[in-house]
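Throughout, a chain's letter reflects where its sequence line sits, starting with A, and its residues are numbered from 1.
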Amino acid sequence: MCKLELKDGSIIEVEKGTKNIDVVKKISEGLARNTACIQFNDEIQDVQKEVNADGKFTVITLDEPAGLKVFWHTSSHILAQAVTRLFPDVLLTIGPATDNGFYYDFDIKQNFTEEDFIKIEEEMKKIVKEELAITYFELPREEALKQVKDNPYKVELINELPKDAVISFYKQGDFVDLCAGPHLNNTKHIKAFKIMSSTGAYWRGSEKNKMLNRLYAISFPKANMLEEYITKREEALKRDHNRLGRELEIFTTAEQIGQGLPLLMPNGARIVQLLERFVEDEEQRRGYVLTKTPFMAKKDLYELSGHWQHYKDGMFILGDEQKEDEVFALRPMTCPFQFMIYKASQKSYKDLPIRYNETSTLFRNESSGEMHGLTRLRQFTLSEGHLVVRKDQLEEEFRGVVDLIYFMMKTLGIEKDVTYRFSKWDPNNKEKYLDMPEAWESAENEMRKILDALKINYIEAVGEAAFYGPKLDIQFKNVHGKEDTIITVQIDFALAEKFDMYYMDSDGSKKRP
RNA sequence: GCUCUUAUAGCUCAGUCGGUAGAGCGUUACCUUGGUAAGGUAGAGGUCACGGGUUCGAUUCCCGUUAAGAGCUCCA
């Protein structure tokens, strides 16, 4: 017998080898119908897996996000099965659940059309009606490779699994897919689904790889839930800033002016004016000093900052390097300009911290597919600050910045709608990041300490840092559920060095801020 | 940059199976009203994004350009 501790603390005993789903049925039939998977101690398991030891037994239902993800993952297999039936020459790649449904990436010659969506949905309906049992099996590496030998994508996935990894497959009818699971135990549970869109996506997320065809879809255990979802989505789209902005005459665009260059109409300009005054006044109250710096500079400045070497393609360059002595570039950021103000006079340790702020208009030559509404542009204006601090002031100043951010978000009423992301470097990506492991570690530890002290509820993200330092990113979801960074605070341990910034310490020695 | 989609009145959209166009909102004038984003009447407003091709004829079909949308990649 195995002793299982349930969520409410009670214990039930079951025979060794009892299936998870049968354990749940003992608790309640209704609960069993609504079960997506089981958490046994820390392990997420299929409902069909057998109980073999004592432990904590938690039922994860379709009503909770983790359960819905299992549901969507199973849905993605049904989508893949339907596509395989209709397009036998397709190669399957991956098909995970997302926060907002699921997708599956296919390597297929033709592109999916709207008519294909209908056909695929019809085929999915059939698969659901067939009530196919979903079964799990494992294979040793050699056999697993044999199983997927005609699919180079799956071969690649298996070859990248660690040596001791369990290689598992799920089977429903004649359809088999390499998959870590977990899954529901039958296709019959997927009552309502809809293919939302077809887009391109690079294999493994790298533009160097082949572009695959991705189908985005959504599914629910009940038909009315799908209807609700669609209605909600339509309502959300009506609140798209891009649509409202034009309807309310806040901004417009003109073909002749160009991509990523919106025109703020009187209503929009007034909003920006009020925000700008408000922000600058509040910053002044908090000890910031305002600067006004040029919109462009000679390339010499960007060579010093490293942007000429790293981000030349992203800048608008004025003049031809080959023909002219002086070449300028529109500024893509304000840091080096404000640093020049810092360097204009000798600073004492008593002068720090110095808090520079500027309502900065910046120019970035974004790729043509990137521009959108007012959120990603070639010319944009943001409220920007650079704090030059001593090491012993870092924590307090960081807190001050976070406090300012809280104040601003509260004023705008968005403080409950954001999430926090602690963006760290990727030590394996030497091209993107400055190769200074010790400096990274120290800066990231410093930032983590501060974030923890502030009790900020953040997620950590590897490979999202700036090239010169870690960031606290404040993320906001748009009406499509896509996250944008609306505010970012960064600890920069490199540019002070590059710009040879220093202050005279109390002992008369030069120190780096 | 890549995949897919779109471009008709100021905005949101219909429409023309190829014979040069319509609605709602907005707007203008007048009337009315303590109907306050929602009254009535009349009107203005469109080379159907731009360039080329096919055709007797293109806003409609095809190609290209530009712009807009979703996704991917990128985001100093």
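Here A:Ser367 lies in heavy-atom contact (under 4.0 Å) with a base. Using a 4.0 Å heavy-atom cutoff across all strands shown, A:Met211 reaches at least one base atom of the nucleic acid.
Residue A:Lys238 contributes atom NZ, which lies 16 Å from atom P of B:C25 at whole-angstrom precision. Distance, A:Tyr216 OH to B:A70 P: 13 Å, rounded to whole Å. Between A:Glu255 atom CD and B:A68 atom P the separation is 8 Å, expressed in whole Å. If you take CG of A:Leu212 and C1' of B:U73, they are 13 Å apart, rounded to a whole angstrom. Note: CZ (A:Arg204) to P (B:U73) measures 13 Å, nearest angstrom. Between A:Lys208 atom NZ and B:G1 atom C1' there is a gap of 14 Å when expressed in whole angstrom units. Rounded to whole Å, atom C1' of B:C2 lies 13 Å from atom CZ of A:Arg214. Atoms CZ (A:Phe363) and C1' (B:C75) sit 18 Å apart, rounded to a whole Å.
Dashed line: the shortest gap from a side-chain N or O of A:Asn242 to OP1 or OP2 of B:G69 is under 4.0 Å. In this model, the phosphate group of B:C75 is approached by a side-chain N or O of A:Lys432 to a distance below 4.0 Å at OP1 or OP2. In this model, the phosphate group of B:A68 is approached by a side-chain N or O of A:Gln259 to a distance below 4.0 Å at OP1 or OP2.
The P atoms of B:G19 and B:G57 are separated by 14 Å, rounded to the nearest whole Å. Between B:A58 and B:G40, the two P atoms lie 42 Å apart (nearest whole Å). The gap from the P atom of B:C13 to that of B:U28 amounts to 24 Å, rounded to the nearest Å. B:C61 and B:U54 have their C1' atoms separated by 8 Å, given to the nearest Å. Here, B:U60 and B:G15 have their C1' atoms 10 Å apart, quoted to the whole Å. Comparing the P positions of B:A37 and B:C31 gives a spacing of 23 Å, expressed to the nearest Å. With both ends at atom C1', the span from B:U8 to B:G46 equals 8 Å, rounded to whole Å. Only the C1' atoms considered, B:C17 is 44 Å distant from B:C74, to the nearest whole Å.
In the region residues 464-482 of chain A, proximity to RNA chain B at under 4.0 angstrom, judged on heavy atoms, holds for A:Ala466, A:Tyr468, A:Lys471, A:His480, A:Lys482. Near-neighbour residues of RNA chain B inside residues 368-379 of chain A, defined by a heavy atom below 4.0 Å, number-ordered: A:Ser368, A:Gly369, A:Glu370, A:Met371, A:His372, A:Gly373, A:Arg376. Near RNA chain B, meaning a heavy atom under 4.0 Å away, there are no residues from residues 84-91 of chain A. In the region residues 304-316 of chain A, proximity to RNA chain B at under 4.0 angstrom, judged on heavy atoms, holds for A:His307, A:Tyr311, A:Gly314.
The residue from A:Arg355, A:Arg390, A:Lys391, A:Arg286 that alone fulfils the salt bridge (charged side-chain N to carboxylate O under 4.0 Å, His left out) condition with A:Glu397 is A:Arg355.
Helical stems of RNA chain B (runs of at least 3 Watson-Crick or G-U pairs, donor-acceptor distances under 3.5 Å) are listed by first residue: B:1-7 with B:66-72, B:10-13 with B:22-25, B:27-31 with B:39-43, B:49-53 with B:61-65.
Partners of A:Glu247 according to the side chain to side chain donor-acceptor pair (under 3.5 Å) rule, which considers only residues two or more places apart in sequence or in another chain, are A:Arg243. With sequence neighbours left out, the side chain to side chain donor-acceptor pair (under 3.5 Å) criterion links A:Ser345 to A:Lys347. Remark: A:Arg378 engages A:Asn365 in a side chain to side chain donor-acceptor pair (under 3.5 Å) (not counting sequence neighbours).
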Output side-chain donor-acceptor pairs under 3.5 Å for residues 407-419 of chain A, partner residues at least two apart or in another chain, one line each.
residue  : atom : partner  : partner atom : Å
A:Thr411 : OG1  : A:Phe407 : O            : 2.7

Kindly list each side-chain donor-acceptor pair under 3.5 angstrom involving residues 220-235 of chain A, sequence neighbours excluded, with atom names and distances?
residue  : atom : partner  : partner atom : Å
A:Thr231 : OG1  : A:Glu227 : O            : 2.8
A:Glu235 : OE1  : A:Arg239 : NH1          : 3.2
A:Glu235 : OE2  : A:Lys238 : NZ           : 3.1

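With distances taken from any side-chain atom of A:Arg364 to the nucleotides B:C72, B:U73, B:C75, the minimum falls on B:C75.
Using a 4.0 Å cut-off between a side-chain N of Lys or Arg and a carboxylate O of Asp or Glu, A:Glu122 and A:Lys119 do not qualify as a salt bridge. Under the 4.0 Å criterion applied to side-chain N and carboxylate O atoms, A:Lys299 and A:Glu326 are not assigned as salt-bridge partners. Ion pairing of A:Glu358 with A:Lys292 is absent here, as no side-chain N (NZ or NE/NH1/NH2) approaches a carboxylate O to less than 4.0 Å. Between A:Glu460 and A:Lys471 there is no salt bridge, since no side-chain N of the basic residue sits under 4.0 Å from a carboxylate O of the acidic one.
Applying the 6.0 Å contact sphere to CD of A:Gln284 captures no more than 12 heavy atoms from other residues, nucleotides or ligands. Within 6.0 Å of CG in A:Asp325 there are 12 or fewer heavy atoms belonging to other residues, nucleotides or ligands. Environment of NZ in A:Lys498: crowded, with over 12 heavy atoms of neighbouring residues, nucleotides or ligands closer than 6.0 Å. Crowding of A:Glu324 atom CD: a count of heavy atoms from other residues, nucleotides or ligands under 6.0 Å exceeding 12.
Ring centroid separation for the pair A:Phe339 and A:His386 comes in under the 6.0 Å cut-off. In this structure, the ring of A:Phe337 has its center no less than 6.0 angstrom from the ring center of A:Phe295. Between A:Phe363 and A:Phe316, a ring centre-to-centre spacing not shorter than 6.0 Å is recorded. Taking the six-membered ring for Trp, A:Trp440 and A:Phe493 have ring centres closer than 6.0 Å.
Counted by atom type alone, A:Glu464 and A:Ser423 present zero donor-acceptor pairs between their side chains at under 3.5 Å.
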Give me, pair by pair, the N or O atoms of the protein and of nucleotides 11-13 of chain B that are less than 3.5 Å apart, along with how far apart they are.
none

All N/O pairs under 3.5 Å across the protein-nucleotides 45-47 of chain B interface:
none

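Between A:His241 and A:His372, the ring planes are perpendicular. Angles over 60° get that label, and only those under 30° would be called parallel. Relative ring orientation between A:His77 and A:Phe175 is described as perpendicular, the plane-to-plane angle rising above 60° on a 0-90° scale split at 30° and 60°.
Although no hydrogens or angles enter the test, the distance criterion places a donor-acceptor pair under 3.5 Å between the side chain of A:Thr187 and the main chain of A:Ile127. The backbone N or O of A:Leu248 sits less than 3.5 Å from a side-chain atom of A:Asn267, completing a donor-acceptor pair.
For the pair A:Ala254 and A:Phe112, both in contact range of RNA chain B, the more 5′-proximal nearest nucleotide belongs to A:Phe112.
At a cut-off of 3.5 angstrom, the base of B:G1 holds at least one donor-acceptor pair with the side chain of A:Tyr202.
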